[in-house]
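The structure appears right after this line, and notes come after that.
As the structure is a prediction and not an experimental result, all values here were calculated from the model. These values consider heavy atoms only, across backbone and side chains, with no hydrogens, waters or symmetry-generated copies. Throughout, numbering of the chain's residues begins at 1 and tracks the sequence. Indexing begins at 1, ligand by ligand and atom by atom, following the structure's order.
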Amino acid sequence: MHKIDIELVEMTMDVMKYAINRISKTDPEIGIPRRAEDLKALVGETITPKGIGGEVAFGLWKEHLMKANVSIDHPRHLAFVPAAPTRAAIMFDLVTSASSIHGAYWMEGAGGIFCENEAMKWIVSLTGLPEGAFGVFTSGGTAANLSAIVTAREYWRSLNDQNKVEKGIIITSIGAHSSVKAMAKVVDVDVLLVDTEDKMEASTLQQTIDGLTEHQRRRLFAVVGTGGTTNAGIIDDLSGIATICENEHLWFHIDAAYGGGALAADSVRHLFKGIERADSITIDPHKWMFSPYDCGAVIYKQPELAKKAHSQQGSYLDIFKDEGAHGFNPTDYQIQLTRRVRGLPLWFSLSMHGTDRYKEAVERGLELAQIAGKLIEERPFVELVREPSLSCVLYRRIGWKPEDYTHWTYENHRKGFALVTPTKWKTGASFETVSRFCFINPDTTEKDIEMILDSMA
Ligand SMILES: *Cc1c(COP(=O)(O)O)cnc(C)c1O
């Protein structure tokens, strides 16, 4: 199984051919999920005592299984937060796998971690956090949010004995990503939601804090602001929230998993004013920094607080601390021990292309949202629900009911034409079903948007 033979060499060539082909495609099939029973009927038993052979297994992948995945980099995949990893980054993802690097400790992964840290320096510089701030790459925004909340909670608990026995509280808004609420559950802290899907304003946050009972106020240790809501691209009043957090001695975490890439864009950088005052920030390079999955990042103003919360102890790990003492151990700053050097593909792509190209690609996503807004205004059968924000556009098809949006989505997907999904937007007390675009892929064209809109006529 670990020998190199002629079959393996031939397979490697085939696999490389497949990878080159997929990397160079600009309009991949959009892909349609199928039921597990149907896939099983197509491919039969693949895990057997003797193995079915590489050629057969790879054939089944190409013929049936690959087609049951949505190509998230398709230019007309505008649902959720799509992705568009650079070709250089995907290529170097193959190199990352082939290099067999353990990315937890400097002692084992110095070269890879060095590269990750060079890329991280660029990301940290975009935030404007003070000297000393630094971060690590995580499996995604969820793990980054979790790592940050744990750090904040451990810091708060360290402040006095009373906090050690209290269940903590964090405040965020209903526009916050589901992972913030989910991770609060993991950490076992309560979440208070500021009831707005629009921008969380400092005044509303202050009212919420002032409305707490004395006991609740003692339990409150952090506020989570959003730097680009996933649903609508809305950025909270980060400056105002930072001031409150400073006055009230609260940890300020900013979830910019989706929006963080826009820090590179001069046209919208000012909207993030205040982000440089955060205690921790989540940014997902696998969203708007064009990295392949999975690659998130968590950044701390004071990384040593994260180290106190996350550093793992174990007698067989001591050697890493001695030998690796002169280096940076990514495991100390987030929840995971063994880890892929998942920032390595980003490093290669950034080195190859330069940061200006990243700026341009993000600006293109922002521009596509503005173009979509204009195209919507030109058409009598659709209208904007709100002005495009970052690269998110919410719009309604006049006269449509929720089931019309669902039907239209499935129809487009089944035809292999596009994947654009509905969402809900809250106005007052009611939720309206609307359609949503989120632009990431700079290969999406004006024509793509026109075709999608006109299919609603
Ligand atoms: C996508 C997203 C997350 C979750 O990130 P994953 O990488 O999917 O774990 C968290 N917060 C926001 C704002 C997001 O857009």
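Ligand-side atoms of ligand 1 in range of Thr230: 12 (C), 13 (C), 14 (C), 15 (O), range being under 4.0 angstrom from any heavy atom. Close approach of ligand 1 to Gly140 (heavy-atom distance below 4.0 Å) involves ligand atoms 7 (O), 9 (O).
Taking only nitrogen or oxygen atoms, main chain and side chain alike, Thr142 reaches within less than 3.5 Å of ligand 1. For a threshold of 3.5 Å applied to N or O pairs, the pair formed by Gly141 and ligand 1 contains at least one separation below that value.
In this structure, atom 4 (C) of ligand 1 lies nearest to the protein heavy atom His177 CE1, 3.4 Å. In terms of protein heavy atoms, atom 11 (N) of ligand 1 is closest to Asp255 OD2, 2.6 Å. Of all protein heavy atoms, the one lying nearest to atom 1 (C) of ligand 1 is Lys287 NZ, 1.3 Å.
Shown are Asp279, Thr172, Leu250, Ile170; of these, the side-chain contact (heavy atoms from CB on, under 4.5 Å) with Val223 is made only by Leu250. When each of Arg397, Arg379, Arg396 is checked for a side-chain contact (heavy atoms from CB on, under 4.5 Å) with Met456, only Arg397 meets the rule. Partner of Asp93 under the salt bridge (Lys or Arg N to Asp or Glu O under 4.0 Å) criterion, chosen from Arg340, Arg22, Arg342, Arg87: Arg340.
Aromatic ring orientation, Tyr300 versus Tyr333: tilted (interplanar angle from 30° to 60°).
Look at Ser179 and you'll find a heavy atom under 4.0 Å from some atom of ligand 1.
The aromatic ring centres of Trp251 and Phe221 sit 6.0 Å or more apart. Separation of the Tyr258 and Trp288 ring centroids falls under the 6.0 Å cut-off.
Contacts with ligand 1 closer than 4.0 Å are made by side-chain heavy atoms of Asp284 only, the backbone lying farther away.
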